[in-house]
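Take a look at the structure set out below.
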Amino acid sequence: QVRLVESGGGLVQPGGSLRLSCAASGSFFSITTMGWYRQVPGKQRELVAAITTGVNTNYADSVKGRFTISRDNAKNTVYLQMNSLKPEDTAVYYCNVRARTRSYTPPSDYWGQGTQVTVSS
């Protein structure tokens, strides 16, 4: 199994910055894609940013130029640096990791518990 522990959420004023972290631990063979999603009440969870093992990245249009995703493979950790935050970025942010528990099994998705990000003056 893969356990994900998130940290870094909180309350910030518009224009401010936050950095989210998500560390993966447990028994797994390899991690492929790591990413961040967010969800607000009444809406579907949406992709914010993702990064592959080859460090190719993908961002939602709404965060391009403001958010940066990165990963430390030695620590099995993914980060989301969020700058120029806007009130519409307010949401619960979830870490997502796609991992294989064995070399011969297909990858599965694992989710963190979620961390609240609130952008308000």
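Count residues from 1 along the sequence.
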Exercise for the section: For side chain to side chain contact (heavy atoms under 4.5 Å, CB included), just list the numbers for C22 and Y94, CA-CA rounded to whole Å, side-chain angles, deciding distance to a tenth of an Å, and then say yes or no. Expected result: CA-CA 9 Å; C22 173; Y94 295 91; over 6 Å; no

Handout entry: Stepwise side chain to side chain contact (heavy atoms under 4.5 Å, CB included) check, L47 with N58
Key = CA-CA 9 Å; L47 174 69; N58 181 35; 3.4 Å; yes

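In terms of modelled atom types and a separation under 3.5 Å, the side chain of R38 and the main chain of V92 share no donor-acceptor contact. Looking at E6, its side chain does come within 3.5 Å of a backbone N or O of C95 through a donor-acceptor pair. Judged by distance alone, the side chain of Y59 and the main-chain N or O of I69 form a donor-acceptor pair under 3.5 Å.
By the criterion of side-chain heavy atoms lying less than 4.5 angstrom apart, applied directly or through intervening Ile, Leu, Val, Met, Phe, Trp or Tyr residues, I31 is grouped together with I51 in one hydrophobic cluster. Cluster membership check: V48 does not share its hydrophobic cluster with Y79, using side-chain heavy-atom separations under 4.5 Å among Ile, Leu, Val, Met, Phe, Trp and Tyr. W111 and M34 end up in different hydrophobic clusters when Ile, Leu, Val, Met, Phe, Trp and Tyr side chains are linked at under 4.5 Å. Using a 4.5 Å cut-off between side-chain heavy atoms of Ile, Leu, Val, Met, Phe, Trp and Tyr, with links allowed through other members, V63 and L80 fall into the same hydrophobic cluster. Cluster membership check: Y110 shares its hydrophobic cluster with L20, using side-chain heavy-atom separations under 4.5 Å among Ile, Leu, Val, Met, Phe, Trp and Tyr.
Between F67 and Y93, the ring planes are tilted. Angles from 30° to 60° get that label.
For E88 and T90, the side-chain atoms include no donor-acceptor pair closer than 3.5 Å.
Within 6.0 Å of CD in Q1 there are 12 or fewer heavy atoms belonging to other residues, nucleotides or ligands.
The OG1 atom of T53 sits 12.5 Å away from the CZ atom of R98 when rounded to the nearest 0.5 Å. Distance check: R3 CZ to S25 OG gives 4.0 Å after rounding to the nearest 0.5 Å. Taken to the nearest 0.5 Å, the OG1 atom of T68 stands 6.5 Å off from the CG atom of N83. Atom CG in L85 sits 6.0 Å away from atom OG in S17 (nearest 0.5 Å). Note that CG of L18 and CE of M82 are 4.5 Å apart. Values are rounded to the nearest 0.5 Å.
Of all non-hydrogen atoms in T105 and R102, the two that sit nearest each other are OG1-O, 3.0 Å. Taking both residues in full, the closest heavy atoms of L4 and G112 are given as CD1-N, 3.6 Å, listed atom of the first, atom of the second, then distance. Residues V117 and G9 share a closest heavy-atom pair of CG2-CA, 4.2 Å.
Inter-residue side-chain proximity for S120 and L11 is flagged as met; some heavy-atom pair is nearer than 4.5 Å. Here the side chains of V12 and T118 are not in contact, with every heavy-atom distance at 4.5 Å or above. F28 places none of its side-chain heavy atoms less than 4.5 Å from the side chain of R100.
Among the candidates T77, V78, N73, the single residue satisfying the side chain to side chain contact (heavy atoms under 4.5 Å, CB included) test with K75 is T77.
Taking the charged nitrogens against the carboxylate oxygens, D89 and K86 have no contact shorter than 4.0 Å, which rules out a salt bridge.
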